[in-house]
Amino acid sequence: MAAKEDLQLLGLAVSPFAIRVRIALNLKGVSYENLEQNLMDKSELLLKSNPVHKKVPVLIHGGKPICESLVILQYVDEVWTAAPSILPAEPYNRAVARFWAGFVDDKLFPSMVGILKATTEEERAAKVSETLAAMGKLEEAFAERASGKPFFGGDSIGYVDLALGSTLIWLEAVRRMFGVAFIDAGETPLLAAWAERFREAEAANGELPDADIAVEFGRTLQARWAAASAAAN
Amino acid sequence: MAEKGVKVFGMWASPMAIRVEWALRLKGVEYEYVDEDLANKSEALLRYNPATKKVPVLVHDGKPLAESTVIVEYIDQAWNDGYPIMPADPFDRAQARFLARFAEDKCNAALFAIFVATGEAQRKAVHEAQQCLKTLETALEGKRFFGGDAFGYVDVIVGWIAYWLPIIEEVSGVTVVTDEALPLMNAWFGRVVDVDVVKATLPPRDKLVALNKARREQFLSAAA
């Protein structure tokens with residue numbers, strides 16, 4: 001049994017960025033205190049720990065906060081060095097993993113959020129295309145990099161698996177809301193099989209809420225954006 | 001026959017590409033620089049970076065990498081017995097990555113917004129940029145560089161601002177950084193442009209001013 005760490009995670013059950021940190025900590029067998037945040041009424045601790053962005057997740061280790069989910073994943077991998085490794089040890093493979101995780105966060109996810117945010121059918125269609133294109137690139141990347149292994153990270157869940165796998169509930173939520181499937185056995189067969197394996201993995205399956213919770217959260221966000229936009233006009 | 005050596009696909013006026021050069025030069029690594037015409041990208045660039053088709057791309061012994069922040073960390077690890085670019089301690093590394101990400105996401109957007117705007121929109125963008133730089137500045141307190149005594153990861157990623165911002169200010173007709181408002185940033189700017197690897201790679205000022213003047217005019221007339 002791992003020693004008790006002075007470790008808290010400020011997160012949100014439905015946030016992909018928090019989900020990926022929880023799964024990583026599970027992979028490492030590290031125990032922590034999970035502090036669910038209320039983003040409508042941000043806690044003192046959150047504001048003090050992440051004054052720059054005021055966002056989740058924040059990992060607090062020995063009283064010191066680490067912010068930005070991918071930064072946190074790398075920190076976790078560098079501090080808790082026992083297997084499994086989250087990032088490959090070899091520099092080139094490590095860099096490729098960083099590239100694709102960055103691609104999920106900088107290309108795939110913002111396009112997907114754009115679908116929710118779109119105020120016209122045209123805008124929405126454009127964002128759907130963008131998201132599908134990004135997913136296509138990830139399918140190619142999986143074909144090239146996984147070489148027959150179950151995960152991007154090889155035999156076990158790694159950095160890119162965490163980045164992409166944590167967005168699955170949101171991809172499903174958007175499918176339920178708008179009828180477009182981004183991971184599909186016909187178009188992206190490798191990712192479809194990978195998604196099943198990810199969802200069933202021991203470290204992951206307790207951390208993925210039902211997509212309907214994300215749908216509800218998505219509708220709340222849409223209402224807020226509409227209200228903000230009306231107030232601004 | 002396996003491809004050997006280091007190649008950088010960049011563009012002479014690109015701050016992202018220059019980061020890669022700085023990292024390689026800090027390590028004393030020889031490289032071939034391919035200056036791309038971004039309006040007419042080479043077949044090689046498109047083959048090495050099909051995912052985003054952007055510069056910079058590093059090719060090391062035939063293996064390509066894209067995204068300047070990814071490339072800089074790779075260079076630090078691939079030549080890990082050379083000059084240390086990243087801090088050693090995991091928490092310090094997390095802080096460095098956080099700051100670099102903040103600069104990329106928030107500061108770059110604000111600086112770009114200054115460049116393409118006029119009037120009220122530009123005034124707001126200047127204020128945004130100053131706020132971003134103020135946040136970055138807190139990490140410089142008591143230090144010569146973000147990396148401490150020596151030029152480190154955050155300096156490599158953010159250092160372009162030291163040379164490019166005065167040019168953006170001139171071309172856009174605004175002042176963003178002053179000694180009164182951002183003294184630590186201002187002092188750091190002076191130190192950055194004096195670093196050997198920086199001095200060796202900065203593009204000629206008049207050429208960069210001319211290019212950016214033309215680009216700003218293009219943006220403004222497209223928006224009109």
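Below, chains carry the letters A, B, ... as their sequence lines are ordered, and counting in each starts from 1.
In B:Lys54, the NZ atom is not crowded: 12 or fewer heavy atoms of neighbouring residues, nucleotides or ligands sit closer than 6.0 Å. Enclosure of atom CD in B:Glu43 by more than 12 non-hydrogen atoms of other residues, nucleotides or ligands within 6.0 angstrom is indicated. Crowding of B:Glu120 atom CD: a count of heavy atoms from other residues, nucleotides or ligands under 6.0 Å exceeding 12. Open room surrounds CG on B:Asp149; 12 or fewer heavy atoms of other groups in view lie less than 6.0 Å from it. For NZ of B:Lys53, the number of neighbouring non-hydrogen atoms (other residues, nucleotides, ligands) closer than 6.0 Å is greater than 12. The 12-atom threshold is exceeded at CD of A:Glu90, counting heavy atoms of other residues, nucleotides or ligands nearer than 6.0 Å.
Going from atom OG1 of B:Thr52 over to atom CZ of A:Phe99 covers 4.5 Å, rounded to the nearest 0.5 Å.
Residue contact with chain B, scored on non-hydrogen atoms closer than 4.5 Å, is absent for A:Asp77. Interface residue B:Pro64: backbone and side-chain heavy atoms are both found under 4.5 Å from chain A. Contact annotation for A:Arg94: only side-chain heavy atoms (C-beta onward) come within less than 4.5 Å of a heavy atom of chain B.
Applying a 4.5 Å heavy-atom cutoff, the residues of residues 46-71 of chain A that approach chain B are A:Asn50, A:Val52, A:His53, A:Lys64, A:Pro65, A:Ile66, A:Cys67, A:Glu68, A:Val71. Using a 4.5 Å cut-off between non-hydrogen atoms, no part of residues 5-21 of chain B approaches chain A. Using non-hydrogen atoms only and a strict 4.5 Å limit, the part of residues 71-79 of chain B facing chain A consists of B:Glu73, B:Tyr74, B:Gln77, B:Ala78. Residue-level contacts of residues 141-153 of chain A with chain B do not occur; threshold 4.5 Å between heavy atoms.
Contact count against chain A (heavy-atom pairs under 4.5 Å) is highest for B:Arg101 among B:Glu67, B:Gln95, B:His60, B:Arg101.
The two residues A:Ala95 and B:Val70 have their closest heavy-atom pair at O-CG1, 3.2 Å. Closest non-hydrogen pair, B:Ala94 versus A:Tyr75, comes out as CB-CD1, 4.2 Å. A:Trp100 and B:Ala51 get closest at one heavy-atom pair: CH2-CB, 3.8 Å.
At a cut-off of 3.5 Å, with distance as the only test, no side-chain donor of A:Gln74 or B:Arg93 sits close to an acceptor on the other residue.
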